[in-house]
Each structure stands twice: as structure tokens, then as C-alpha cells.
**Student:** 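Below is a structure I'd like to ask you about.
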Protein chains: 2
Amino acid sequence: MKARVHVMLKDGVLDPQGEAVRHALGHLGFSGVEGVRQGKVIELDLAATDKAAAEVEVAQMCDKLLANTVIEKYTVEIV
Amino acid sequence: MKARVHVMLKDGVLDPQGEAVRHALGHLGFSGVEGVRQGKVIELDLAATDKAAAEVEVAQMCDKLLANTVIEKYTVEIV
């Protein structure tokens with residue numbers, strides 16, 4: 001079973017990496033970009049076969065390792 | 001209009017960051033993780049209103065800046 005985790009900075013947390021990308025895109029001539037946020041995507045191959053249990057386990061992985069929940073939010077998707 | 005870009009290393013390209021995550025998850029007791037690949041997700045706020053044109057423009061951004069197409073693949077999703 002595969003799981004995909006998205007980790008993004010919470011709204012309101014400054015994202016300097018995204019800002020840098022927005023500036024660079026402007027310099028390259030892409031003028032219609034109003035905002036950029038950059039985050040991580042983590043794809044996991046899991047041995048588990050129970051979808052609900054896998055979702056709970058991946059959420060625990062996020063809380064313990066994959067995301068810094070003080071400033072980041074995550075979403076888990078089983079694919 | 002919002003666009004979401006996923007940038008992942010191509011299959012076959014070694015992903016040391018993903019491997020490090022896999023090892024760390026193992027040490028934390030998550031034994032059922034068989035593989036991890038880590039990539040970037042970039043969310044763009046666009047002034048464009050034409051979905052097809054926006055998709056083409058974002059693909060150009062990927063080719064020019066957001067992805068290293070020698071070793072990375074990307075997908076563009078208009079949301």
C-alpha cells in the first residue's frame with residue numbers, strides 16, 4: 001500500500017523559500033505569480049494492508065518525525 | 001487560480017533523503033515501511049483565469065526553474 005504525505009508550513013508562517021521562488025519566477029518573466037508556498041511531499045511504501053490502520057500509523061509518523069507540528073501542517077492520503 | 005506542482009526524483013535516481021527518513025522511521029519502531037521517496041510540492045497563486053494557458057505556463061516554470069529535469073520529474077495540477 002502506498003501513502004502520500006504533504007507537509008506545508010501553516011498559514012501565517014513566513015515561507016522564505018516560497019518567496020525566493022516567487023522572486024525568481026518574476027525575474028524569469030512569469031509576471032502572473034501572486035504567491036508561492038513550498039512544502040515537502042513524502043511517498044511511503046507500506047507493508048500494511050488495512051487502509052484505516054495505515055492512515056493512523058502514517059499520522060503517527062508525521063507527528064513523531066515527518067512534520068514539525070508547531071509550524072507545519074500535514075495531510076495523509078492513502079493511494 | 002491555484003496550481004500545485006509535485007517534483008520528485010525520477011525512478012532509479014538514488015534518493016538519500018528518502019533513505020534517511022526510512023531508517024529514522026525504522027529506529028522509531030515503524031517496521032512496516034518498505035520504501036520512502038521525498039520530493040517537493042510547490043503551491044502557486046496565479047493571476048491567470050484560463051486553465052489550459054495556466055497549465056502550459058506552470059509547465060514552463062518547471063522546465064526553467066522548479067525542477068531539474070535531468071534527474072527530476074514533475075506533475076502539474078490546477079486546483
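Throughout, protein chains are lettered first and strands after them, A, B, ... in sequence-line order, and every chain is numbered starting at 1.
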**Student:** Which of the residues B:H6, B:K64, B:Q17 is involved in the greatest number of heavy-atom pairs with chain A at under 4.5 angstrom?
**Tutor:**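 With the most close heavy-atom pairs to chain A, the winner is B:H6.
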**Student:** For the side chain to side chain contact (heavy atoms under 4.5 Å, CB included) test, which of B:R4, B:K40, B:M8 pairs with A:V41?
**Tutor:**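 One option only clears the test, and that one is B:M8.
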**Student:** Between A:E57 and A:A53, is there a donor-acceptor pair closer than 3.5 Å when you use the side chain of the first and the backbone of the second?
**Tutor:**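 Between the backbone of A:A53 and the side chain of A:E57 there is no qualifying donor-acceptor contact (under 3.5 Å).
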**Student:** Taking A:L66, A:V7, A:D45, A:I42 one by one, which has the highest count of heavy-atom pairs under 4.5 Å against chain B?
**Tutor:**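 Heavy-atom pairs under 4.5 Å are most numerous for A:D45.
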**Student:** More than 12 heavy atoms of other residues, nucleotides or ligands under 6.0 Å from NZ of A:K2: yes or no?
**Tutor:**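 Atom NZ in A:K2 is not packed in, count stays at 12 or less.
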**Student:** Hey, any chance B:V79 and B:L44 share a hydrophobic cluster, counting ILVMFWY side chains that come within less than 4.5 Å of each other, even indirectly?
**Tutor:**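 Cluster IDs for B:V79 and B:L44 differ.
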**Student:** Where does B:Q60 contact chain A at under 4.5 Å (heavy atoms): side chain, backbone, both or neither?
**Tutor:**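 Both backbone and side chain of B:Q60 come within 4.5 Å of chain A.
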